[in-house]
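Some notes on the structure that comes next.
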Number of protein chains: 2
Amino acid sequence: MASNALFAEVASLAGDPARAGMLHALMDGRALTASELAHVAGIAPQTASGHLARLAAAGLVRVEKQGRHRYHRLASPAVARMMESIMQVASDAAPMRRTVRTGPRDAALRAARTCYDHLAGRLGVALADGLVAGGHVELADDAGLVTGAGIGLFGRLGIDMAALATDRSRRTRLLCRPCLDWSERRPHLAGAVGAALCTRSFEEGWIRRIEGTRAVAITPKGQQVFRDAFGVRHDRQ
Amino acid sequence: MASNALFAEVASLAGDPARAGMLHALMDGRALTASELAHVAGIAPQTASGHLARLAAAGLVRVEKQGRHRYHRLASPAVARMMESIMQVASDAAPMRRTVRTGPRDAALRAARTCYDHLAGRLGVALADGLVAGGHVELADDAGLVTGAGIGLFGRLGIDMAALATDRSRRTRLLCRPCLDWSERRPHLAGAVGAALCTRSFEEGWIRRIEGTRAVAITPKGQQVFRDAFGVRHDRQ
DNA sequence: CCGATGCTTCGGCCGTCACCGTAACATTTC
DNA sequence: GAAATGTTACGGTGACGGCCGAAGCATCGG
């Protein structure tokens, strides 16, 4: 079977620690330069360059040259979903191993972070919980949908569900997807709705990025909105 | 980040051609012996044994000893979904490569096959199309749901939607999920409903396995049922 | 109890690949 | 134009890991 070789190549590319680190860093959906990626992976720039060339040739990342910089980003949401699913399997296996050493830097990540194009961590899970509790969203293991009440809520927050519909998915209620959180081990909101909610949160200043990581900080304004609109309590821990 | 090492380990395990072949063979959801897996991967039994030990230690496969045989199966649906998502990325990259040589043995696979626990290939896509066209199912990129009419249809086929509900997902309409087909590049039906439909199809003799592969053959009875219930025409090519 | 079968462990060979030093190329800035 | 910065190309080194042959354990059948 010819597809087997391609499969192995893709998985193998993701299987190198250095490349995995780079892909991980790209999971926030932003475009980074080769030097930045080399730094996060802890390798020399020329080594990173080679890795990135291979990742680009295989269609995992997309490069975009701009002046003397070359910005790299994940090639597609499909790649991000692949990363998620591998993380999922990895964290399933984790409990059986020795204690997962949670460094202090992980704390911010666990509190709130971006997961490619949507929000994850305790914030992401709390938002999903709040939406479910409020009857705005229904989530199952494999799928999710936005209710009529949810369409109204999102509309009031400036997210037009009808505008999110693509050619393929005209049923606006289906534009959401559960994404199992690797730190919380519970679902959070992904899909078009999750992405729109994340984008909106940045636009409105409800959250802001913490420099150099995928973690995000919740602003006072954000805490108020999340509490009022979604019923999310202040995250104390 | 500690999770990075686990991630790389899992991806790396899937990235070896021999192991990828074995995992691929396990994608039909059945349990196979170490010898069978060694055969499909084209390696010596002792080599396969080492691979399988590592896969089991990492939580990708589950072993089940039965007499002098040791049956291996995928550890969880999460592993199957990971495999699917990697295949997805791999097939996205494929068009850019040289022509995907489709051996004659692939023909049966393209016509109809199992994808872990549900049906894929032209049959799987045609079933999904028929269900959508008939208003029994709604499918978007990220999610799917069964309509009221769909619940009735599945009920008449002996699939009780209420019985499929788990603790987590009480909303029976959400028990379905689109799974992008690597050969057809269009979605087919996965999730609890897809799995139940596949199981039912074997029970009722609508399809039967083709020895030694994931491909399945559609029986005359099956062709009639698929045509009458789902509007699937006879698959000519 | 003995041979056959399925599976695993051990030891050694060999290819692959990640890595960096050095150097060249491209682009921006002064 | 020259220096600085970001990126790519090349060559050599070292290590990790896949592979098989041979031998050691389990289990089943006679």
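All chains are named by letter (A, B, ...) in the order of the sequence lines, taking the proteins before the strands, and each is independently numbered beginning at 1.
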| message | Can you build the contact string for nucleotides 18-30 of chain C? Use B for base contact, S for sugar-phosphate-only contact, and - for no protein heavy atom under 4.0 Å. | response | SSBBB----BB--
| query | For the residue pair Phe7(A) and His24(B), does the interplanar ring angle fall in the parallel (under 30°), tilted (30 to 60°) or perpendicular (over 60°) class? | reply |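 Because their plane-to-plane angle is over 60°, the rings of Phe7(A) and His24(B) count as perpendicular.
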| message | I'd like to know if Glu84(A) and Arg177(A) make a salt bridge, using a cut-off of under 4.0 Å between side-chain N and carboxylate O. | response | yes
| task | Indicate yes or no: does Asp28(B) engage Arg73(B) in a salt bridge with an N to O separation below 4.0 Å. | result |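 Salt bridge between Asp28(B) and Arg73(B), a charged N being under 4.0 Å from a carboxylate O: no.
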| Taking CG from Leu37(B) and P from dT8(C), how many angstroms apart are they, rounded to a whole number? |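 In whole Å, dT8(C) P and Leu37(B) CG are 11 Å from each other.
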| Gap between atoms CD and P, on Glu64(B) and dG6(C) respectively (whole Å) |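 These atoms are roughly 19 Å apart.
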| task | Test Val89(A) against every option in Leu13(B), Leu6(B), Val10(B) by the side chain to side chain contact (heavy atoms under 4.5 Å, CB included) rule and name the one that passes. | result | Val10(B)
| Out of Leu60(A), Leu55(A), Asp117(A), Val79(A), which one pairs with Leu74(A) under the side chain to side chain contact (heavy atoms under 4.5 Å, CB included) rule? | Val79(A)
| query | Quick check: does any side chain N or O of Thr199(A) sit under 3.5 Å from a backbone N or O of Ala195(A), one acting as donor and the other as acceptor? | reply |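 A pair under 3.5 Å: yes.
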| said: Please check: side-chain N/O of Arg200(B) versus main-chain N/O of Leu157(B), any donor-acceptor pairing under 3.5 Å? | reply: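 Yes: the side chain of Arg200(B) pairs with the backbone of Leu157(B).
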| remark: chain B reaches DNA chain D, atoms under 4.0 Å from its heavy atoms, from dG18(D) to dC28(D)
| task | Could you go through the side-chain contact (heavy atoms from CB on, under 4.5 Å) check for His72(B) and Met22(B) one step at a time? | result | CA-CA 10 Å; His72(B) 300 76; Met22(B) 293 194 264; over 6 Å; no
